[in-house]
Amino acid sequence: MPDGKIDYSSPRLVTVCRLSEERKNIHLVLKVLSSLKGNYNFHYTIVGDGYLKRELMNLVAELELQERVTFTGNVNKLQLRKELLQSDLFILTSSAKENTIEGFGIVYLEANACGVPVLAAKVGGAIDAVQDNVSGFFVDSPELTHIYLALVEFMS
C-alpha cells in the first residue's frame, strides 16, 4: 500500500522460518509473487531472521514488492499467533538438500491450529504434517512454475 499500511481485504500470505537456509525457498516465493503483482492484490509477511534476510530484502526491492512484503524478524509466541490468525495462507515450500531436509514441520501444524491452510512441497516432514486438500495443499516440487500455479489457483 502506498501509505505503508496493510490491505486486510487482500489475501494475506505468511511464511514462518529461519532465514538461514536457502532450501526454505523464500526467494522463489518472492519471484512468483512479483509475477502475480499485476493481476492480484496480496500482502506477504515473512516471520523469522537469519543471514539471508538482507539478501531477501534486497530481492524485494529489486522486484518492487516493498509495499506488499513485510519482514517482522523473530517474534514472540503471542505475536506469531496473531500473524497466523490474520493470514489466509501459510507458505513453506522447502527443498531437500544433500545434508538437510525439512523435519516434521511443526510450523505447518501451528498454522493449521490457527485455521490457516498451508502450501507445502511434497518433501520431508511436510508430507506427514499436511493433509492434502484438507489442511492445505502441495506442490510436487518447489519450482517456480509449480509455486506459481498453486498461488494462482489459491488467489483465483
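Treat the numbers as computed from the prediction; the structure is a model and nothing was measured.
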Next item on the list: Report yes if the side chains of Asn41 and Met155 come closer than 4.5 Å at any heavy-atom pair, otherwise no.
Entry: no

Margin query: Run Thr93 and Leu28 through side-chain contact (heavy atoms from CB on, under 4.5 Å) and show every step you take.
Written below: CA-CA 9 Å; Thr93 54; Leu28 295 180; 5.7 Å; no

Could you give the side-chain donor-acceptor pairs of residues 50-66 under 3.5 Å, partners two or more places apart or in another chain?
from: Asn58; atom 1: ND2; to: Arg54; atom 2: O; distance (Å): 3.4

Notebook entry, point to check: So how far is it from Asn39 CG to Ser156 OG, rounded to the nearest 0.5 Å?
Noted result: 9.0 Å

Margin query: Could you measure the distance from the CZ atom of Phe90 to the OG1 atom of Thr45? Nearest 0.5 Å is fine.
Written below: 12.0 Å

Next item on the list: Answer yes or no: is there a side-chain heavy-atom contact under 4.5 Å between Asp88 and Phe42?
Entry: no

Margin query: Are the side chains of Leu33 and Leu13 in contact, using a 4.5 Å heavy-atom criterion?
Written below: yes

Note to self: Let's go through Asn25 and Ser95 carefully: what are the C-alpha distance in whole Å and the side-chain angles of both, what is the deciding distance for side-chain contact (heavy atoms from CB on, under 4.5 Å) to 0.1 Å, and is it a yes or a no?
What the structure shows: CA-CA 7 Å; Asn25 295 320; Ser95 302; 2.7 Å; yes

Checklist line | Which residues share a salt bridge (charged side-chain N to carboxylate O under 4.0 Å, His left out) with Lys37, sequence neighbours left out | finding: none

Item checked: Whether Tyr108 side chain and Ser135 backbone form a donor-acceptor pair below 3.5 Å -> no

Next item on the list: Evaluate the side-chain proximity of Ser34 to Val32: yes if any heavy-atom separation is below 4.5 Å, no if none is.
Entry: no

Check: Roughly how far, to the nearest 0.5 Å, is the OG atom of Ser20 from the CG atom of Asp49?
Finding: 9.0 Å

Item checked: Closest approach of Phe138 to Ile127 (non-hydrogen atoms, all atoms of both residues) -> CZ-CA, 4.0 Å

Margin query: Rounded to the nearest 0.5 Å, what separates atom CZ in Arg12 from atom CG in Leu84?
Written below: 10.5 Å

Next item on the list: Spell out, as yes or no, whether a donor-acceptor pair under 3.5 Å connects the side chain of Asn112 to the backbone of Val116.
Entry: yes

Report, one line per pair, each donor and acceptor closer than 3.5 Å where one atom sits in a side chain of residues 141-152; sequence neighbours left out.
from: Ser141; atom 1: OG; to: Glu143; atom 2: OE2; distance (Å): 2.8
from: Ser141; atom 1: OG; to: His146; atom 2: ND1; distance (Å): 3.0
from: His146; atom 1: ND1; to: Ser141; atom 2: O; distance (Å): 3.0

Margin query: Check the orientation of Phe137 and Phe154. Use parallel for under 30°, tilted for 30 to 60°, and perpendicular for over 60°.
Written below: parallel

Note to self: When you compare the side chains of Thr15 and Tyr44, does any donor N or O come within less than 3.5 Å of an acceptor on the partner?
What the structure shows: yes

N/O donor-acceptor pairs under 3.5 Å from side chains in residues 118-125, not counting sequence neighbours:
none

Margin query: Quick check for you: to the nearest 0.5 Å, what is the distance between Gln86 atom CD and Lys82 atom NZ?
Written below: 5.5 Å

Note to self: Going by the rule salt bridge (charged side-chain N to carboxylate O under 4.0 Å, His left out), which residues pair with Arg18 if we only count those two or more places apart in sequence or in a different chain?
What the structure shows: Glu21

Item checked: Where at least one partner belongs to residues 70-81, residue pairs that pass salt bridge (Lys or Arg N to Asp or Glu O under 4.0 Å), sequence neighbours excluded -> Lys77-Glu110

